[in-house]
Peer 1: 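Questions regarding the structure given below will be posed in turn.
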Amino acid sequence: MNYFAGKYDVAVIGAGHAGIEAALAAARLGCKTAIFTINMDAVGNCPCNPSIGGTAKGHLVREIDALGGEMGKTADECMLQSRMLNRGKGPAVHSLRAQIDRRKYSDIMKHKLELQENLELRQAEITDIKKIECGYELTTRMLAVFECKAVIIATGTYLGGKIFVGEISYESGPDGIFPATFLGKSLKKLGLPLRRFKTGTPARVLKSSIDFNDLEVQKGDEPPQPFSYETEQLLENKVDCHISWTNEKTKQIILDNIHRSPLYAGKIEGVGPRYCPSFEDKIMRFKDKPRHQLFIEPCGIDTEEMYMQGMSSSLPEEVQLKFYQTIKGLEKCVIMRPAYAIEYDCVDPLAMKATLEFKDFDGLYGAGQFNGSSGYEEAAAQGLVAGINAALKILGRHQIIFDRANSYIGTLIDDLVTKGANEPYRMMTSRSEYRLVLRQDNADERLTPIGYEIGLISDQRYEKFIEKQKLKKMEIMRLKKTVISPSDKVNDLLVSRETSKITTGTRLIELLKRPQLNYDILKDIDTDRPELDPNIFEQVEIEIKYEGYIQKQLKQVEQMQKLENKLLPADFDYKKINGLRLEAQEKLNRIKPLNIGQASRISGVSPADISVLLIWLAQNKQR
């Protein structure tokens, strides 16, 4: 018999990276919140790589932190090694990546949920969701019934999860935890458009069985940079990573056994991630490549498990061992956990608004891999937005939409809700047309005022942010006013850096603009330099060196925002507009874009269709 177990403002289904940020945001904004997980020991689990950040993903973590989210702080608390990627390229693509202690990360996140005011962490499998007059009714497998005003679905890869290893397949979530076997049927009955996606993970290998002697060592940056703007303690690199390479023997074993891969045998229905393929998929796609890179990464301080980055597979366990043992350093390796593929249910994100609320289901939100994305960071970003908007809706405040001009978070969500996801969506710097102004170093400048307005940034933190902006402006003014006089010392320095001498007094800002020079190089002749946070110097230098490009991009943003300000009716039949192509009518009616800008990014809506919409808007402006 069912029994009534309680009422909440917000209920979050799933306690992975999306669910955690959603629940914390809702609770911190004053809503009575519950977060449900199938297994409390899997809260904040990292079932794939033991790292946070990476190219474009590091931007997302910085943005989450700038808004008041938790991922960056926790990553700093359990950081093992930190590296800034793409330093050889421009600042737009610099991205922080940290190896983390995955068990410690999970423990810290679980404890933060337990300590959070207005939040209850509960172990329960939600099996049914029903729409009721005051919101939604959730039923657990133990027949407990909860009423809530808003629901956020953040089921990750658990929803209808199925594991594949060679010819073996069975129902399971990641890491051998029970899957959510009943909820999917309930969501289909409710009317959500579900589909099947697939992802995978490499094997974990016993550290003592690896020969590190001839492997390339990959050390962390010194000093390590934190993700969070609130992290003040000095971080320490505690481990090294290593690099090895596959070879022709590895390749031949894959080719000889490709018929045993469930992906190539037709057993897997789900669509996999194009940008993170399995190793056998790499071999089949790039048969001309003689070798592939492998990163050997520790999973934690108190474990001997080593993660084989780049070697995801769903081949049989004995085949995995064979091809791993062809690789330098792994000749005698012992596999502790075999690689596997996992297939799961997710939703078509075209059914959602930019707030991550479903168009046809008031108060129902989705976040993370349930929305068709991949990756911890993409999940956390969506969870934060869903949690904020669910709380704002309940509190009677306007929900917030992040746009492409102010964040990677806005780009991520806009891509999902306007273009959909035909495969697991992964954030990349190339997806943003404004990446020079959406750098990871200035995430606080772009988003902390928004986080403060929402209510997730404390007064104390906001005051520190304001002070940082003040110091930054003062430093730019100092550079403009400071004149460096020509001298032997100055010109010897300039010549040593292969840049021209100065013959008259030159403002420091002009020297800093030179590509051969930077703050560090100029320190000996910049005698009045104040003691400031290195991040301030970094931001100032980037803005000075790339001033022309940044101004050009800001003009592009301004043009885009003019289109974003041309609002479209929320509930309108676009078949009534003469001149729109049939495909455009169908896409516009399905997606219901908020404005002309969003409409212009829908696949199947052409520039000619946008012109028709603009004419129609002008004619019907008053109405």
Side-chain angles (χ1 to χ4, degrees), residues 8-27 31 33-40 42-48 60 64 69-71 106 109-110 112-113 116 119-127 129 136 138 140 146 148 150-161 173-174 177-180 183-184 186-187 190 192 194 197 199 342 344-349 351-352 355-358 361 363-391 409 412-413 416-417 421 424-425:
Y8 297 99
D9 293 322
V10 178
V12 181
I13 303 174
H17 304 283
I20 287 168
E21 297 291 352
L24 288 173
C31 292
T33 306
I35 181 168
F36 296 93
T37 176
I38 286 178
N39 189 323
M40 290 249 267
V43 170
N45 186 29
C46 297
C48 200
L60 288 173
I64 291 164
E70 206 61 39
M71 176 175 265
S106 176
M109 278 299 198
K110 177 174 177 282
K112 287 180 178 181
L113 293 178
Q116 179 60 49
L119 180 60
E120 292 179 15
L121 173 62
R122 305 186 72 126
Q123 180 167 299
E125 179 185 349
I126 303 297
T127 57
I129 298 180
Y136 292 89
L138 306 183
T140 74
F146 297 90
C148 46
V151 176
I152 300 168
I153 304 171
T155 47
T157 59
Y158 285 85
L159 194 63
I177 298 171
F178 289 126
L183 182 59
S186 176
L187 296 177
L190 194 63
L192 296 187
L194 299 186
F197 273 2
T199 187
I342 184 168
Y344 57 96
D345 288 332
C346 57
V347 77
D348 183 350
M352 311 176 84
T355 58
L356 296 182
E357 184 179 24
F358 283 94
F361 300 93
L364 185 64
Y365 297 77
Q369 284 185 271
F370 176 72
N371 289 355
S373 64
S374 70
Y376 311 148
E377 302 81 4
E378 291 89 339
Q382 293 170 69
L384 181 63
V385 173
I388 287 170
N389 281 326
I409 292 175
L412 161 66
I413 294 173
L416 288 172
V417 302
Y425 178 98

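Residues take their numbers from the sequence shown, with the count starting at 1.
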Peer 1: Would you compute the distance between atom OH of Tyr158 and atom CD1 of Ile177 and round it to the nearest 0.5 angstrom?
Peer 2: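 One finds 3.5 Å between OH of Tyr158 and CD1 of Ile177.
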Peer 1: Side chains of Leu119 and Ile35: closer than 4.5 Å at any heavy-atom pair?
Peer 2: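 Yes, close enough: below the 4.5 Å cut-off.
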Peer 1: Evaluate the side-chain proximity of Leu60 to Ile409: yes if any heavy-atom separation is below 4.5 Å, no if none is.
Peer 2: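 In contact.
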Peer 1: Which heavy atom of Thr140 sits nearest to which heavy atom of Ala124, and what is that distance?
Peer 2: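 Heavy atoms of Thr140 and Ala124 come nearest at CG2-CB, 3.9 Å.
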Peer 1: Could you walk me through whether Leu364 and Leu192 pass side-chain contact (heavy atoms from CB on, under 4.5 Å), step by step?
Peer 2: CA-CA 11 Å; Leu364 185 64; Leu192 296 187; 4.2 Å; yes
Peer 1: Does Ile129 reach the side chain of Leu138, with side-chain heavy atoms less than 4.5 Å apart?
Peer 2: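 Of all side-chain heavy-atom pairs linking Leu138 with Ile129, at least one is under 4.5 Å.
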Peer 1: For the CG atom of Leu113 and the CG atom of Leu121, what is their distance to the nearest 0.5 Å?
Peer 2: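 Answer rounded to 0.5 Å: 5.5 Å.
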Peer 1: Tell me the closest heavy-atom pair linking Gly184 and Leu194, and the distance in Å.
Peer 2: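 Taking every non-hydrogen atom into account, O-CD1, 3.7 Å.
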Peer 1: Okay, side chain of Thr155, backbone of Gly14: is any donor-acceptor separation there less than 3.5 Å?
Peer 2: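 Between the backbone of Gly14 and the side chain of Thr155 there is no qualifying donor-acceptor contact (under 3.5 Å).
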Peer 1: What do you reckon, is CZ of Phe361 surrounded by more than 12 foreign heavy atoms closer than 6.0 Å?
Peer 2: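 Yes, CZ of Phe361 has more than 12 neighbouring heavy atoms, counting only those of other groups under 6.0 Å.
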Peer 1: Minimum heavy-atom separation for Phe197 and Gly372, please, with both atom names.
Peer 2: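 Minimum heavy-atom contact is CE2-O, 3.6 Å.
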Peer 1: Would you check if Leu187 and Ile153 make a side-chain contact, meaning some heavy-atom pair closer than 4.5 Å?
Peer 2: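 Side chain of Leu187 against side chain of Ile153, heavy atoms only: contact under 4.5 Å found.
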Peer 1: To the nearest 0.5 Å, tell me how far Gln116 CD sits from Ile20 CD1.
Peer 2: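 The CD atom of Gln116 sits 12.5 Å away from the CD1 atom of Ile20.
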Peer 1: Can you name the one residue among Ile38, Leu159, Ile126, Ile152 that meets side-chain contact (heavy atoms from CB on, under 4.5 Å) with Ile13?
Peer 2: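 Only one of Ile38, Leu159, Ile126, Ile152 forms a side-chain contact (heavy atoms from CB on, under 4.5 Å) with Ile13, namely Ile126.
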Peer 1: Once the angle between the rings of His17 and Tyr376 is folded into 0 to 90°, is it parallel (under 30°), tilted (30 to 60°) or perpendicular (over 60°)?
Peer 2: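 His17 vs Tyr376 ring planes: tilted.
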Peer 1: How long is the straight-line distance from CG of Leu416 back to CG of Asp348, given to the nearest 0.5 Å?
Peer 2: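 Asp348 CG to Leu416 CG: 10.0 Å, rounded to 0.5 Å.
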Peer 1: Roughly how far, to the nearest 0.5 Å, is OG1 of Thr199 from CD of Gln369?
Peer 2: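 So the CD of Gln369 and the OG1 of Thr199 are separated by 6.5 Å.
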Peer 1: Measure up the Phe358 and Phe370 rings against each other and bin them: parallel (under 30°), tilted (30 to 60°), perpendicular (over 60°).
Peer 2: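 Taking Phe370 first and then Phe358, their aromatic rings stand perpendicular (interplane angle over 60°).
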Peer 1: Considering all heavy atoms of both residues, which atom of Phe36 and which atom of Ala11 are nearest to each other, and what is their separation?
Peer 2: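 Between these two residues, the closest heavy atoms are CE1-CB, 4.1 Å.
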Peer 1: Mind listing the closest non-hydrogen atom pair of Asp345 and Gly160 along with its distance?
Peer 2: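 What the structure gives for the nearest pair is OD2-CA, 4.2 Å.
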Peer 1: If you round to the nearest 0.5 Å, how far is CD1 of Ile64 from CD of Gln382?
Peer 2: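 If I round to the nearest 0.5 Å, the distance is 10.0 Å.
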Peer 1: Does Asn389 form a side-chain contact (heavy atoms from CB on, under 4.5 Å) with Glu357? I'd like the steps, not just the answer.
Peer 2: CA-CA 8 Å; Asn389 281 326; Glu357 184 179 24; over 6 Å; no
Peer 1: Can you confirm whether Tyr425 sits close enough to Leu412 that some side-chain heavy atom of one is under 4.5 Å from a side-chain heavy atom of the other?
Peer 2: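 Yes; the side chains approach each other to less than 4.5 Å.
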Peer 1: Checking Glu21 side chain against Ala380 main chain: does a donor-acceptor pair fall under 3.5 Å?
Peer 2: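 No, Glu21 side chain to Ala380 backbone: no donor-acceptor pair under 3.5 Å.
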Peer 1: If you look at every heavy atom in Gly366 and Ala386, which pair is closest and at what distance?
Peer 2: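 Reported closest heavy-atom pair: O-CB, 4.1 Å.
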